[in-house]
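Numbers here simply count residues along the sequence, with the first being 1.
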Amino acid sequence: MTTGLPADVAHRLRGRLVEVTEPLRLGAGGHESVLAVRFLRECQSAGLRVRWRLSYEAATYDMSVLRHLPPPAETPGETAESRSWRAGYAYGMLYHRRGPDFVTVMDRRDRAASARYTLDHPDLLSAFETVLEPARLGELSAAHREAVGLLAAERLALVTDGWVVALPPRIRRWPVPATGI
């Protein structure tokens with residue numbers, strides 16, 4: 001059965017619930033992490049609930065940039081970081097919307113300093129669209145690498161061990177009322 005979700009993360013779809021069958025190694029960095037981030041982002045984009053477990057290893061980057069994604073399920077012996085992720089999670093903390101020749105990103109991950117970004121410069125917009133799929137940083141053009149640097153500085157892209165992926169989901173299923181986010 002095809003779910004329409006990226007196939008690189010083993011999962012089962014039961015109605016609107018996605019169950020990930022193996023722990024996700026988000027903290028490992030590199031290709032494995034950006035694939036897992038994209039998977040969780042796409043689940044969120046589709047308005048699906050996700051049940052997944054976090055593989056606990058020392059993170060190679062600041063994982064707080066992921067707090068807008070569905071949090072890991074509660075497990076025995078979990079870290080305080082996982083509990084904090086669950087406690088602070090709210091749907092719609094970070095998302096993007098598309099317009100003609102621009103993308104608007106709303107970032108509410110920091111409740112004290114919400115931000116709205118409009119990506120309308122052709123190189124920035126092109127780079128954002130490119131890194132919606134995980135990409136090797138070294139294979140991007142110089143203009144895209146510069147744009148990725150700007151996106152990463154605003155915590156809108158995850159760059160880890162030579163790989164990059166955009167963080168904001170495109171919300172396709174809005175909650176009712178949509179003013180709730």
>> Suppose we screen for side chain to side chain donor-acceptor pair (under 3.5 Å). Which residues come up paired with Thr118, at least two apart in sequence or across chains?
In response: none

>> Could you work out, with side chain to side chain donor-acceptor pair (under 3.5 Å) as the rule, every residue matching Arg38, not counting sequence neighbours?
In response: Asp8, Glu133

> Going through the distances and angles, do His11 and Trp52 end up as a side-chain contact (heavy atoms from CB on, under 4.5 Å)?
Replying inline: CA-CA 9 Å; His11 65 280; Trp52 64 280; over 6 Å; no

> Can you list the steps and then say if Val50 with Leu69 is a side-chain contact (heavy atoms from CB on, under 4.5 Å)?
Replying inline: CA-CA 10 Å; Val50 186; Leu69 296 171; over 6 Å; no

Which pairs would a plain distance check flag for residues 29-37, meaning a side-chain donor or acceptor within less than 3.5 Å of a matching protein atom at least two apart in sequence or in another chain?
| from | atom 1 | to | atom 2 | distance (Å) |
| --- | --- | --- | --- | --- |
| Glu32 | OE1 | Arg25 | NH1 | 2.8 |
| Ser33 | OG | Arg25 | O | 3.1 |
| Ser33 | OG | Leu26 | O | 2.7 |
| Ser33 | OG | Gly29 | N | 2.7 |
| Ser33 | OG | Gly29 | O | 3.4 |

> Quick one: side chain to side chain donor-acceptor pair (under 3.5 Å) partners of Glu42, sequence neighbours excluded?
Replying inline: none

> For Glu22 and Val20, which heavy atoms make the closest approach, and how far apart are they?
Replying inline: O-CG1, 3.3 Å

>> Could you tell me if the side chain of Pro168 sits less than 4.5 Å from the side chain of Tyr95, heavy atoms only?
In response: no

> Would you say the side chains of Thr104 and Arg98 form a donor-acceptor pair under 3.5 Å?
Replying inline: no

>> So does Leu94 get a backbone contact from the side chain of Arg109, meaning a donor-acceptor N/O pair under 3.5 Å?
In response: no

>> Could you work out, with side chain to side chain contact (heavy atoms under 4.5 Å, CB included) as the rule, every residue matching Ala7, not counting sequence neighbours?
In response: none

> Cluster partners of Leu17, using ILVMFWY side-chain heavy atoms under 4.5 angstrom, listed by chain and number?
Replying inline: none

> Within a radius of less than 6.0 Å around CD of Glu146, do more than 12 heavy atoms belonging to other residues, nucleotides or ligands occur?
Replying inline: no

> Does some side-chain heavy atom of Arg41 sit less than 4.5 Å from a side-chain heavy atom of Arg170?
Replying inline: no

> Checking side-chain contact (heavy atoms from CB on, under 4.5 Å) for the pair Leu125/Asp120: CA distance, chi angles, key distance, verdict?
Replying inline: CA-CA 6 Å; Leu125 184 58; Asp120 57 359; over 6 Å; no

> Hydrophobic clusters join Ile, Leu, Val, Met, Phe, Trp and Tyr when side-chain heavy atoms are under 4.5 Å apart, directly or via other members; which others share one with Val131?
Replying inline: Leu137, Leu140, Val148, Val159, Val164

> Is a side-chain N or O of Arg155 found less than 3.5 angstrom from the main chain of Asp107, in a donor-acceptor match?
Replying inline: no

>> Counting C-beta onward and ignoring hydrogens, is there a side-chain heavy-atom pair between Arg116 and Met106 closer than 4.5 Å?
In response: yes

> Between His68 and Tyr89, what is the shortest heavy-atom contact and its length?
Replying inline: O-CE1, 3.2 Å

>> Just by distance, no angles: are the side chains of Arg67 and Ser84 close enough, under 3.5 Å, to form a donor-acceptor pair?
In response: yes

> Going by distance alone, is a donor N or O of one side chain under 3.5 Å from an acceptor N or O of the other, for Arg108 and Ser114?
Replying inline: no

> So do the side chains of Thr130 and Leu132 get within less than 4.5 Å of each other, counting heavy atoms only?
Replying inline: no

>> Take a 6.0 Å sphere around CG of Asp62 and say whether it holds more than 12 heavy atoms from other residues, nucleotides or ligands.
In response: yes

>> Taking side chain to side chain contact (heavy atoms under 4.5 Å, CB included) as the definition, give me every residue that meets it alongside Pro23, ordered by chain and number, with sequence neighbours left out.
In response: Arg53, Ser55

> Given side chains that start at C-beta, do those of Leu119 and Leu151 come closer than 4.5 Å, heavy atoms only?
Replying inline: yes

> Counting N and O atoms only, with roles assigned by atom type, does the side chain of Ser45 sit under 3.5 Å from a partner on the main chain of Pro169, one being a donor and the other an acceptor?
Replying inline: no

> Which residue pairs pass the salt bridge (Lys or Arg N to Asp or Glu O under 4.0 Å) test with at least one member in residues 69-94, sequence neighbours excluded?
Replying inline: Glu78-Arg86

> Got Leu40 and Leu24 here, is their nearest side-chain heavy-atom distance under 4.5 Å?
Replying inline: yes

> Does Arg51 have any side chain to side chain donor-acceptor pair (under 3.5 Å) partners at least two apart in sequence or in another chain, and if so, which?
Replying inline: Glu19

>> Please enumerate all residues that pass side chain to side chain contact (heavy atoms under 4.5 Å, CB included) together with Thr60, with sequence neighbours excluded.
In response: Thr160, Asp161

>> Pair Leu5, Cys43 - check side-chain contact (heavy atoms from CB on, under 4.5 Å), show working.
In response: CA-CA 7 Å; Leu5 294 171; Cys43 288; 3.8 Å; yes

> Rounded to the nearest 0.5 Å, how far does CZ of Arg49 lie from CD of Gln44?
Replying inline: 14.0 Å

> Do any pairs count as a ring pair (Phe, Tyr, Trp, His ring centres under 6.0 Å) and have a residue in residues 110-160, sequence neighbours left out, and if so which ones?
Replying inline: His96-Phe128

